[in-house]
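Here the structure comes first, spelled out in structure tokens, and everything after it is commentary.
No experiment lies behind these values; they were computed from the predicted model shown. Reckoned from all heavy atoms, side chains included, excluding hydrogens, waters and symmetry mates.
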Amino acid sequence: MWPGRVHALLGHNGAGKSTLISLLSGAQRPDEGEIVFDETVPERWSPATAIEQGIAVIYQHLSLVDSLSVSDNIFLGTELRKGVGVDHRAQESRAAEILAELGATCRPRDPVSSLPTAQRQLVEIAKALRRNARVLILDEPTAALSNRESSALARLIDSLKSRGIGIVYVTHLLAEVARLADEITVLEGGSVQFNGSVSELTHDDLVRLLARGAAKTGRLAERDLGEVVLASKSVEGNGFGSIDLEVREGEILVLFGMLGSGRNDFLRALAGTAPRHGEVEIRGTRLPAGSLQRAHRQGLFFVGPDRSRDGIFPQLSTFDNVLMSSFGPLSRFARSARSERNQWQTARSAVGLAEVAATPTGRLSGGNQQKTVVGRAIGGARRPSAILLDEPTQGVDVGARRDIYRAIESICVQQAVGVVVSTNDPEEAVTLADRVLIFSQGRVVAELSRAEINEERLLALASDIGSAGAETRGEAGEAGEAGQAHGDDDTSEQERKQ
């Protein structure tokens, strides 16, 4: 890593990017090897040492305190003192200078909770510069930004480079690599597949590197498809433009795209957890916008990507978590222990979950927690017509992943359910998909049939950002923001987890 250079760090989920960032930031100690900074090896590498050396990480999930002002966040832990108190006037003056250097439009006294994502990122960067950062590690910095905001960030990176700041840039978007990076490291399975100058690789070379090692799991067998169970017509919302789709009985439709491509926003809008415009129908019945619970009653089930926040009640038993949406349908005048036990065995077997009925779900491994959430949807007493799965195998091991894939295949075959899976994992897309919609910049840029799906094509189509797509994304974001003014997400925590 050289001063004034951008080093792109690439690789699929699980490739080792997060672990490497943890090592560089001092959050995790290396098992072997050394971290060398300015040709010296610090005696003890820790988060405090990394900060002292000038390393700052700007994570995708920002670490700001919403209840504090911009200036208080910038100086948090390094406050300027006046006597025994904090010199707020001096902090606000210095914060204003740093924000002006970054081209930020927010003001020192603004509460962070009121800021859009792009301005929050600038506050994080201002906080790092206040600590005299010499190396910035940016983790998927454009994932939640519009095209206009991404372009502004690119200009800021050029400015930071000119000041001699080195930047490690984690991204899935190959167009960003071509635009910003000087060097590249590609990881796969914790090993370096390539390390060198951007000029050494063509776009096709990079796509092949990123596709290497994918498709380790065999594809699901082709199935006969039935009638349409789920349809959207001119659906648009925050983060995506107008989208039409149809999903048939027994079909697995994959929404593939990088972080920030709009696929997750679209799936949430279909599920009823985010505002939307347009029509969504389940077996011909139109669903009202904005309620996951109403969608669930019509047979549309949703499994979100964050199991700890949206999927489980960690203190409750695994039995209660799995059957949470089944207690009502299984009860007539009173609960039936026999019916509940039978349903538990059905759901448990469907996803390969161990006999852990009495164990608090929070004590289970990540893989078993995910099986609990998927099992609730697939093996519950209410029979679904369609299931929406957002990153269904994120953070789970190979064994759990295969069990979840088998469960998805089984419900398609045995119950003729239509399934929509949102993912940025090309291996997962190839394994599951009968058809793929590829998202970029908030719109569908391509549709692939089963015979056309392969890792390289998925990555190439999802990674390229054209000017038309950029414009569409900006318009989608503005339309979505306007849409939010007409209705709020009324989904409660209980609704999300049922």
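- No side-chain heavy atom of Ile58 sits less than 4.5 Å from a side-chain heavy atom of Pro141.
- No side-chain donor-acceptor contact under 3.5 Å links Lys17 to the backbone of Leu187.
- Using a 4.5 Å heavy-atom threshold, the side chains of Thr359 and Asn368 count as separate.
- We find the CD1-CD1 distance between Ile408 and Ile378 to be 5.5 Å, quoted to the nearest 0.5 Å.
- Between the side chain of Gln370 and the main chain of Thr393, no donor-acceptor pair closer than 3.5 Å is present.
- Rounding to the nearest 0.5 angstrom, the gap separating the CD1 atom in Ile21 from the CG atom in Leu9 is 6.0 Å.
- Remark: side-chain polar atoms of Asn238 are not paired, donor with acceptor, to backbone N or O of Asp265 under 3.5 angstrom.
- Not one N or O on the side chain of Asp139 forms a donor-acceptor pair closer than 3.5 Å with the backbone of Val170.
- The structure places CG of Leu115 at 8.5 Å from CG of Leu64, a figure rounded to the nearest 0.5 Å.
- At distances below 3.5 Å, not a single donor-acceptor pair connects side-chain atoms of Arg382 with backbone N or O atoms of Pro329.
- No hydrogens or angles considered: nothing links the side chains of Gln298 and Thr285 as a donor-acceptor pair under 3.5 Å.
- Residues Val419 and Cys412 share a closest heavy-atom pair of CG2-SG, 3.7 Å.
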task = Might you work through the side chain to side chain contact (heavy atoms under 4.5 Å, CB included) test for Glu340 and Phe319, ending with a clear yes or no?
result = CA-CA 9 Å; Glu340 289 175 5; Phe319 182 90; 3.8 Å; yes

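- Contact detail for Val65 and Asn73: the closest heavy-atom pair is N-OD1, 2.8 Å.
- Across Ala386 and Val229, no two heavy atoms sit closer than the pair CB-CG2, 4.4 Å.
- With rounding to the nearest 0.5 angstrom, the CD1 atom of Ile125 is 6.0 Å from the CG atom of Leu153.
- At least one donor-acceptor pair closer than 3.5 Å links the side chain of Trp45 to the backbone N or O of Leu24.
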query = Under the salt bridge (Lys or Arg N to Asp or Glu O under 4.0 Å) criterion, do Arg120 and Asp66 qualify, and how do the steps go?
reply = CA-CA 10 Å; Arg120 288 173 178 242; Asp66 282 354; 3.0 Å; yes

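- Under the rule for a side-chain hydrogen bond (donor to acceptor under 3.5 Å, both in side chains), the partners of Arg283 that lie at least two apart in sequence or sit in another chain are Glu227, Glu249, Ser385.
- Checked options Ile74, Leu76, Leu68, Val70; the residue passing with Asp72 is Leu68 (criterion: side-chain contact (heavy atoms from CB on, under 4.5 Å)).
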message = Please evaluate residues Asp434 and Arg223 with respect to the criterion salt bridge (Lys or Arg N to Asp or Glu O under 4.0 Å), reporting the C-alpha separation (whole Å), side-chain torsions for both, the decisive distance (0.1 Å), and the verdict.
response = CA-CA 9 Å; Asp434 298 302; Arg223 297 167 303 285; 2.3 Å; yes

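- Proximity of Val373 to Gln369: side-chain heavy atoms (C-beta onward) are nowhere separated by under 4.5 Å.
- Relative to the six-membered ring of Phe327, Arg335 meets both conditions, a distance below 6.0 Å and an angle of at most 45° to the axis.
- To the nearest 0.5 angstrom, Glu455 atom CD is 12.5 Å from Glu428 atom CD.
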task = Give the intermediate values and the outcome of side chain to side chain contact (heavy atoms under 4.5 Å, CB included) for residues Leu62 and Lys127.
result = CA-CA 12 Å; Leu62 304 176; Lys127 184 177 176 181; over 6 Å; no

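- Put simply, the side chain of Glu188 never gets that close to the backbone of Gln193: no donor and acceptor are under 3.5 Å apart.
- Contact of the Glu251 side chain with the Glu246 side chain is not registered, since no non-hydrogen atoms from C-beta on lie closer than 4.5 Å.
- Of the N and O atoms on the side chains of Arg263 and Ser422, at least one donor lies less than 3.5 Å from an acceptor on the other residue.
- For the pair Leu432/Leu220, a side-chain contact is recorded, criterion being any heavy-atom separation below 4.5 Å from C-beta on.
- Within the 4.5 Å cutoff, the side chain of Leu20 has no heavy atoms near those of the Val168 side chain.
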request  = Report the C-alpha separation of Thr171 and Glu176 in whole Å, then their side-chain angles, then the decisive distance to 0.1 Å, and conclude whether the side-chain hydrogen bond (donor to acceptor under 3.5 Å, both in side chains) test is met.
outcome  = CA-CA 8 Å; Thr171 183; Glu176 290 187 342; 2.8 Å; yes

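- At a threshold of 4.5 Å between non-hydrogen side-chain atoms, the residues Pro384 and Ile411 count as touching.
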request  = Dump the intermediate steps for side chain to side chain contact (heavy atoms under 4.5 Å, CB included) on Asn264 and Glu391, then the final yes or no.
outcome  = CA-CA 9 Å; Asn264 308 76; Glu391 305 284 2; 4.2 Å; yes

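- Atom CG of Leu300 sits about 6.0 Å away from atom CG of Leu230, to the nearest 0.5 Å.
- Residues Val445 and Phe439 form no side-chain contact, since every pair of their non-hydrogen atoms from C-beta on lies 4.5 Å or further apart.
- Under 3.5 Å, the side chains of Asn321 and Thr361 contain a donor-acceptor pair of N or O atoms.
- Formation of a donor-acceptor pair under 3.5 Å by the Arg248 side chain with backbone atoms of Leu225 is not found in this model.
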message = With side chain to side chain contact (heavy atoms under 4.5 Å, CB included) as the criterion, how do Arg268 and Phe302 come out once you've worked through the C-alpha distance, each side chain's angles and the decisive distance to 0.1 Å?
response = CA-CA 8 Å; Arg268 291 180 63 241; Phe302 174 64; 4.2 Å; yes

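- Sorted by first then second residue, the salt bridge (Lys or Arg N to Asp or Glu O under 4.0 Å) pairs that include residues 351-368, not counting sequence neighbours, are Arg341-Glu355, Arg348-Glu355.
- Glu236 places no side-chain N or O within 3.5 Å of a backbone atom of Gly278 that could act as its donor or acceptor partner.
- Here the shortest heavy-atom pairing between Gln119 and Cys106 reads OE1-N, 3.1 Å.
- Across all their heavy atoms, Val247 and Gly418 have their closest contact at CG1-CA, 4.0 Å.
- Between Glu456 and Arg208 the shortest heavy-atom distance is OE2-CG, 3.2 Å.
- Taking the six-membered ring where tryptophan is involved, the planes of Phe240 and Phe266 are perpendicular, since the angle between them exceeds 60° and thus also 30°.
- Here the side chain of Arg219 pairs a donor or acceptor atom with the backbone of Val430 at under 3.5 angstrom.
- With no hydrogens or angles considered, a side-chain donor-acceptor pair links Ser63 and Glu124 at under 3.5 Å.
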